[in-house]
Amino acid sequence: MMKNDMRNEHIPAEQFAFVQENEVLHDQELQTKARGFFADAMMRFSKNKSSVIAAWILLFLILFAIFSPIISRYDVRDTDKLYVNFPAYVPGIARMNLGILDGAKTFDSQNDVAMLKWRAIGEETGMDPVLRVLNTHETEVKYRGQMVTRTTYDIEVNYYYALGMIYKTFSYDEYKALQAWQNETGIQVIYPYVDPADINGQTDTPNIWYQLDSSGAPALDKNGNFIPAYSTDTMGVGVEYDSIRIPGDDGSYAYATAKAGAVQCRVLYYNYYQYINGFEPSYIMGTNVMGLDLFCGIGAGARFSLLFAILVSAINLTIGAIYGAIQGYYGGAVDMVLDRICDVLSGVPFVVVTTLFQLHLAQKVGAIGAFLFAFVLTGWISMAALTRKQFYRFKGQEFVMAARTLGASDSRLMFKHIFPNAIGTIITSCALVIPGVISSETSMTYLGIVNLRAFAGTTIGTLLSDGRAAVTSAPHAILWPSIFLGLLMISFNLFGNGLRDAFNPTTRGVDD
């Protein structure tokens, strides 16, 4: 008693006032707005910075898949047989000399003869392929008993200009139509013909329009200029030509030669491309081994992959949810029998199923149908296991027992009371299934087990497979699809993990 008195001596008396003395108390309205389950989940999701960033990246990739085939001038079926594995090129940006999107490709150790050949293309066409000289190397070598200095160059060339001339055979009507287009636009497509006999029989090098010496190097005049080797009408090879001519032509050059009822010409392919398509070549991400525009191809392939993955996930969610609900709700012998069926199906390798379906079932339902069946055959098992676990968790709860007492049927208990409480976890797991489906689909098409080119035009896996053959000479052909796939997989997984944590009921109200 004395101890209590001693403690009270140190506490001021005014602190012993009664609270709410002589007041009538009532329930007070909540001062804060009630927050629903989904609003609470989204609030917690927004606090996960990595998941939010992943969601924005995922949105960008989805928009890219939707709009890139629309924005592109090309269709996924459009391929060019000559612009194969060409680097990124946009004419308007290339002319700004910014060092990007200029079709640049590096050529190392170019000697003086090689530099003359690059120069010759630029002089004839007016399109200088040499963009810049990166390095100059001088080495001392022994030549005919004397030490001489040899110079080599590392250069970047516009690969589209570097293609230069090709030999092209036309019918007489096509030949006349092309001349009419030249007259209308003023763009030179047909260049003077060169008889292979005048250039040491080199029929496979249409860019050689000048005389060669005995070593095969360009023969120059005393002023260092090329000596033209164009054929003339006096040689009897000419076909009537009534269109624009190159500078310096006095009307004697032959622009075509007759070939078995047709006409063969030397054609500047860059300008011929404009004649065929109505615009200059423009490939934001370059082309692949099929001559396909990667900007359009990646978008179209990603669009198919996303739609296919969502379809597979929706089917597996439906099957797995029903199957797992029956397992978890009834339990006992029913659960044991159904679980053994899952064990048997899960032991079948996916690659084997896919291969067998492509060999046999694809003949009846098509490649895409057989591929879909392969995913559905075993893909729902993980969803069923998750649903089963959620039903075991909730079926013994008080609200379920109360509903059963009031006479609710089994189907009502399963899908009106238990399933809505588990839907958050199931849906977030379904979101994590989508990148798995995309990964499997990409692997199967990359390995060539499934060929979806005829149905979808292309897929990410097909693009990766096409780019594999040119990984050293044209790394961009495999780089862009790889970057897209990597970002898609990482973003989906981070996004799915964020949803899983946000919809976890045990964390509701935490860190408000």
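Quick caveat: nothing in here was measured; it's all calculated off a predicted structure.
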Participant: Please check this pair: side chain of S171 against backbone of E174, looking for a donor-acceptor N/O pair closer than 3.5 Å.
Facilitator: yes
Participant: Ignoring hydrogens, what is the shortest heavy-atom contact between P218 and D213? Give both atom names and the distance.
Facilitator: O-OD2, 4.2 Å
Participant: For residues R119 and V130, determine if any side-chain heavy atom of one lies less than 4.5 Å from a side-chain heavy atom of the other.
Facilitator: no
Participant: Which atoms form the tightest heavy-atom contact between V437 and A309, and what is the distance?
Facilitator: CG1-CA, 3.6 Å
Participant: Do T79 side-chain atoms and G291 backbone N/O form a donor-acceptor pair below 3.5 Å?
Facilitator: no
Participant: Do N288 and D466 touch side chain to side chain, with heavy atoms closer than 4.5 Å?
Facilitator: yes
Participant: Taking the side chain as C-beta and beyond, is there a heavy-atom pair between P228 and Y253 under 4.5 Å?
Facilitator: yes
Participant: Identify the two heavy atoms, one from T287 and one from A477, that lie closest to each other, and give their separation to 0.1 Å.
Facilitator: O-CB, 4.3 Å
Participant: Please determine whether a side-chain nitrogen of the Lys or Arg among K117 and D112 lies less than 4.0 Å from a carboxylate oxygen of the Asp or Glu.
Facilitator: no
Participant: For the residue pair D80 and V84, establish whether any side-chain heavy-atom pair is separated by less than 4.5 Å.
Facilitator: no
Participant: Taking S243 as the fixed residue, which of Q179, Q182, K176 is the one that meets the side chain to side chain donor-acceptor pair (under 3.5 Å) rule?
Facilitator: Q182
Participant: Measure the CG-CG distance between N85 and L292 for me, rounded to the nearest 0.5 Å.
Facilitator: 11.0 Å
Participant: Identify whether the distance between the nearest side-chain nitrogen and carboxylate oxygen of R132 and D102 falls below 4.0 Å.
Facilitator: yes
Participant: Between the main-chain N or O of G461 and the side-chain N or O of S465, is there a donor-acceptor pair closer than 3.5 Å?
Facilitator: no
Participant: Would Y89 and Y83 count as a close aromatic pair, with their ring centres under 6.0 Å?
Facilitator: no
Participant: Whether the T462 and T459 side chains hold a donor-acceptor pair (N or O, under 3.5 Å, no angle test) is what I'd like checked.
Facilitator: yes
Participant: Donor-acceptor pair, W380 side chain versus V376 backbone, under 3.5 Å?
Facilitator: yes
Participant: Would you say CG of N135 has more than 12 non-hydrogen atoms from neighbouring residues, nucleotides or ligands within 6.0 angstrom?
Facilitator: yes
Participant: Taking atom types as modelled, find out whether T152 and N111 have a side-chain donor-acceptor pair closer than 3.5 angstrom.
Facilitator: no
Participant: For N451 and R453, indicate whether the former's side chain and the latter's backbone hold a donor-acceptor pair under 3.5 Å.
Facilitator: yes
Participant: Carefully, step by step, assess F375 and F357 under the rule ring pair (Phe, Tyr, Trp, His ring centres under 6.0 Å).
Facilitator: CA-CA 11 Å; F375 273 103; F357 278 14; over 10 Å; no
Participant: Looking only at non-hydrogen atoms, find the nearest pair between P69 and G299 and report the distance.
Facilitator: CG-C, 3.9 Å
Participant: Is F107 atom CZ crowded by more than 12 heavy atoms from other residues, nucleotides or ligands, each under 6.0 Å away?
Facilitator: yes
Participant: Using the benzene-type ring in the case of Trp, are the ring centres of W209 and Y230 under 6.0 Å apart?
Facilitator: yes
Participant: Taking the side chain as every heavy atom from C-beta outward, state whether M383 and V433 have any atom pair closer than 4.5 Å.
Facilitator: yes
Participant: Exactly one of Y270, Y269, W118, F86 should register a ring-ring contact (aromatic ring centres under 6.0 Å, His included) with Y161. Which one does?
Facilitator: Y270
Participant: What's the separation between atom CD1 in I284 and atom OG in S282, rounded to the nearest 0.5 Å?
Facilitator: 6.0 Å
Participant: Would you sort out whether Y255 and Y241 count as a ring pair (Phe, Tyr, Trp, His ring centres under 6.0 Å), showing the intermediate values?
Facilitator: CA-CA 7 Å; Y255 282 74; Y241 179 77; 4.1 Å; yes
Participant: Quick one: does any side-chain atom of N493 pair with a main-chain N or O of M489 as donor and acceptor, under 3.5 Å?
Facilitator: yes
Participant: Would you say D78 and D293 make side-chain contact, with heavy atoms under 4.5 Å?
Facilitator: no
Participant: Could you walk me through whether V52 and N48 pass the side-chain contact (heavy atoms from CB on, under 4.5 Å) test, one step at a time?
Facilitator: CA-CA 6 Å; V52 172; N48 190 331; 5.5 Å; no
Participant: Quick one: do the N316 and T318 side chains pair a donor with an acceptor below 3.5 Å?
Facilitator: no
Participant: Report the C-alpha separation of E156 and L134 in whole Å, then their side-chain angles, then the decisive distance to 0.1 Å, and conclude whether the side-chain contact (heavy atoms from CB on, under 4.5 Å) test is met.
Facilitator: CA-CA 7 Å; E156 280 189 342; L134 301 177; 3.7 Å; yes
Participant: State the CZ-CG distance between F484 and L464, to the nearest 0.5 angstrom.
Facilitator: 11.5 Å
Participant: Which pair of non-hydrogen atoms, one from P281 and one from Y74, has the smallest distance, and what is that distance?
Facilitator: CA-OH, 3.8 Å
Participant: List the residues meeting salt bridge (Lys or Arg N to Asp or Glu O under 4.0 Å) with R77, not counting sequence neighbours, and say none if there are none.
Facilitator: none
Participant: Are E124 and R266 close enough for a salt bridge, meaning some N to O gap below 4.0 Å?
Facilitator: yes
Participant: Please report the C-alpha distance between F308 and F371 in whole Å, then the side-chain angles of each, then the deciding distance to 0.1 Å, and finally whether the ring pair (Phe, Tyr, Trp, His ring centres under 6.0 Å) criterion is met.
Facilitator: CA-CA 10 Å; F308 183 78; F371 200 27; 5.4 Å; yes
Participant: Test L220 against N225 for side-chain contact (heavy atoms from CB on, under 4.5 Å), laying out the working first.
Facilitator: CA-CA 5 Å; L220 306 178; N225 298 320; over 6 Å; no
Participant: Which distance, rounded to the nearest 0.5 Å, do you find between the CZ of R303 and the OG1 of T458?
Facilitator: 13.0 Å
Participant: Between L58 and L488, is the side-chain contact (heavy atoms from CB on, under 4.5 Å) condition met? List the steps.
Facilitator: CA-CA 7 Å; L58 195 57; L488 188 66; 3.7 Å; yes
Participant: Is there a side-chain contact between D154 and H137, using heavy atoms and a 4.5 Å cut-off?
Facilitator: yes
Participant: Is there a donor-acceptor contact under 3.5 Å linking the side chains of T205 and N207?
Facilitator: no
Participant: Can you tell me how far apart CD (Q110) and OG1 (T151) are? Round to the nearest 0.5 Å.
Facilitator: 13.5 Å
Participant: What distance do Q358 atom CD and T355 atom OG1 have between them, rounded to the nearest 0.5 Å?
Facilitator: 8.0 Å
Participant: For T257 and Q264, test the side chains for any donor-to-acceptor distance below 3.5 angstrom and give the result as yes or no.
Facilitator: no
Participant: For residues I227 and Y210, determine if any side-chain heavy atom of one lies less than 4.5 Å from a side-chain heavy atom of the other.
Facilitator: no
Participant: Under 6.0 Å from the ring centre and within 45 degrees of the ring axis: does the NZ or CZ of R73 meet both conditions for the six-membered ring of F295?
Facilitator: no
Participant: Could you tell me which non-hydrogen atom of F64 sits nearest to which non-hydrogen atom of S68, and how far apart they are?
Facilitator: O-OG, 2.7 Å
Participant: For Y172, is the OH atom crowded, meaning more than 12 foreign heavy atoms sit under 6.0 Å from it?
Facilitator: yes
